[in-house]
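The structure under discussion appears below in the form of structure tokens.
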Amino acid sequence: MNHLRRVIHQLGLLQIDYVNVLVPAQYQVPFSRLGAYDRAQLDELVYRRREFTEHWAHEASIVPVDAWPLFRYRRLAHRVRPRGFERALRREPGYSRQVLARIRAQGALTAAELPSPTTGERRLPGSWYGTIPRAMAEWHFGRGRLAIADRRPDFRRVFDLSERVLSEDIRSRRVPTFAAHRALLLQAARAHGVATTGDLADYFRMPVTMVKPRLQELVDAGELHPIRVHGWTEPAYLHPEARRPRRLHATALLSPFDPVVWHRPRAARLFDFEYRLEIFLPAPKRRWGYYVLPFLLNDRLTARVDLKADRAGRRLRVQAAYLEPDTDGAQVSDALARELGTMAGWLGLESVSVGRRGPFARELAAAVRAQR
DNA sequence: ATTTAATACGGACTTTTGGG
DNA sequence: CCCAAAAGTCCGTATTAAAT
């Protein structure tokens, strides 16, 4: 639990995607760079002790409760406007308050348990939200009136009034806007070590124009160092606590939403790794596959694999495998095969099977066989 | 000072599936 | 039926920077 706590504080956030390991895969491969950990630990820290809370940060995330006052800029700007939602609200102006009143009276509820508008449809076809009550809950959550009190075993959120989730101390704490922005940027810089303006802005999804003057203030105050990095065209910022290790030892299959790669221009700049998420592409247009995970080995992204957890067959399927250019395949296939075995283990799968797609598949398959 | 170019941003749209 | 989750592309518009 201390490890989990430390990781979230270090990064300033834990993207919900990390936690997807707990969900029987909306995405076919649940994942976590944290490796195997107990769902109970997270529940304890977030929903029982309330040391952390859910908030839109980079995307849907868990953040330290102390950061809640810093995200006011995001709550004020939060928009939920899927097709038909605003029309439904105009038709029934009291619905927003009605949802809050229901939760106030009955206690925490999931979106499915919220009342429908009395006029018109419950469904919101063609939107990610699916239903009007779900979109309404998301709207209130984004604005800060509702907070996530709990998660059901299937990971659906339980919404409650934020005053019943967060302390009065936290909710009433006012941080001047610019100071809040600086605090978040400094947190982003700490997580990055060295970063461009775009990198830092993207960490908590701030507009670049909002970020630039704040970065200058941090430089003037000596809290960030402006530097140039060899091979980077843009100016960069160095966090004073950033350390460059002589050697880097790391072995990990990264989520597409891992901070190491979530900002694609940075991944390209640091690792010369061209990466794009292809879950939204029609199947025939995909170059690598539906759900492709980069493989980090020490200080390089060395390969990528399209994974799927075949729960019925109790095996982790590697649907396609690709080695990055100028990479020692033998070394990578060995380490990757081990990592796949580990992942299968914490997913509760019995074996790893490698398909034939991708030029690295044959070599990887051999390495996986060799480890059995 | 005015026009043009560059950049940023917001919104709409795309995909998938297990389990309650 | 309902819920979990989200990057990139395109396009129109707004703001800023550069050029004349």
Side-chain angles (χ1 to χ4, degrees), chain A residues 14-32 39 54 56-62 74 77-86 109-116 121-138 141-142 148 150-159 197-198 201-202 205-213 234 254-259 261-268 274-294 306-313 317 319 347-349:
Chain A
L14 180 74
Q15 189 133 330
I16 293 288
D17 310 280
Y18 280 100
V19 181
N20 265 1
V21 63
L22 309 168
V23 187
Q26 180 270 321
Y27 293 129
Q28 289 86 338
V29 176
F31 45 78
S32 168
R39 162 85 190 262
E54 292 198 30
W56 286 96
H58 178 78
E59 286 295 335
S61 302
I62 285 160
R74 236 180 186 289
H78 191 82
R79 293 281 177 277
V80 171
R81 44 177 61 170
R83 198 206 299 268
F85 183 60
E86 301 215 321
L109 295 172
T110 66
E113 294 161 349
L114 290 173
S116 301
E121 281 290 306
R122 180 182 177 87
R123 304 254 309 117
L124 254 182
S127 100
W128 284 354
Y129 302 101
T131 66
I132 302 267
R134 165 73 180 82
M136 195 73 245
E138 181 58 53
F141 169 54
I148 311 301
D150 202 0
R151 289 267 188 171
R152 291 281 160 81
D154 66 351
F155 216 57
R156 64 184 58 193
R157 300 135 127 184
V158 182
F159 296 89
T197 305
D202 182 66
R205 290 285 158 87
M206 295 164 151
V208 173
T209 44
M210 179 170 120
V211 157
K212 280 180 174 166
E234 296 164 82
L254 303 180
S255 146
F257 314 110
D258 191 291
V261 291
W262 75 29
H263 191 48
R264 310 306 185 212
R266 181 174 170 89
E274 294 302 325
Y275 188 41
R276 42 175 295 142
L277 190 62
E278 297 184 302
I279 61 176
F280 300 111
L281 274 182
K285 288 190 174 173
R286 288 180 199 141
R287 184 170 162 201
W288 293 296
Y290 177 71
Y291 206 77
V292 175
L293 281 72
D306 184 21
L307 298 185
K308 184 181 174 83
D310 176 3
R311 290 193 162 71
R317 277 169 47 197
Q319 310 201 99
L347 291 173
L349 305 169

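Not measured: the values here are computed from a predicted model. Proteins come first, then strands; the chains are lettered A, B, ... in the order of their sequence lines, and each starts at number 1.
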Residue pair M210(A)/R286(A) against DNA chain B: nearer the 5' end by closest nucleotide is M210(A)
Roughly, in whole Å, what's the span from CZ in R151(A) to C1' in dA4(C)?
7 Å
Tell me whether the OP1 or OP2 atom of dC9(B) has a side-chain N or O from T209(A) closer than 4.0 Å.
yes
Per nearest nucleotide of DNA chain C, the residue lying toward the 5' end, P265(A) or P133(A), is P133(A)
So, is R152(A) close to the dC2(C) phosphate, meaning a side-chain N or O under 4.0 Å from OP1 or OP2?
no
I need the CD1-P distance between I62(A) and dA5(C), as an integer number of Å.
10 Å
Given a 3.5 Å cut-off on both pairing distances, which stems involving DNA chain C, each at least three consecutive Watson-Crick or G-U pairs, are present, if any?
B:1-14 with C:7-20, B:17-20 with C:1-4
OP1 or OP2 of dC2(C) less than 4.0 angstrom from a side-chain nitrogen or oxygen of R123(A), does that happen here?
yes
If you round to the nearest 0.5 Å, how far is CZ of R152(A) from OG1 of T110(A)?
5.5 Å
For the side chain of W56(A), starting at C-beta, report the closest nucleotide among dA7(C), dA6(C), dC9(B).
dA6(C)
Closest to the side chain of R122(A), out of dA5(C), dT17(B), dC3(C), is dC3(C)
Relative to each other, are the rings of F141(A) and F159(A) parallel, tilted or perpendicular (30° and 60° limits)?
perpendicular
Which is more 5' along DNA chain C, the nucleotide nearest H58(A) or the one nearest F159(A)? Just name the residue.
F159(A)
Do NZ/NE/NH1/NH2 and the carboxylate oxygens of E138(A) and R157(A) come within less than 4.0 Å?
yes
Any side-chain N or O of R276(A) less than 4.0 Å from the OP1 or OP2 oxygen of dT9(C)?
yes
Is any side-chain N or O of R156(A) closer than 4.0 Å to OP1 or OP2 of dC2(C)?
no
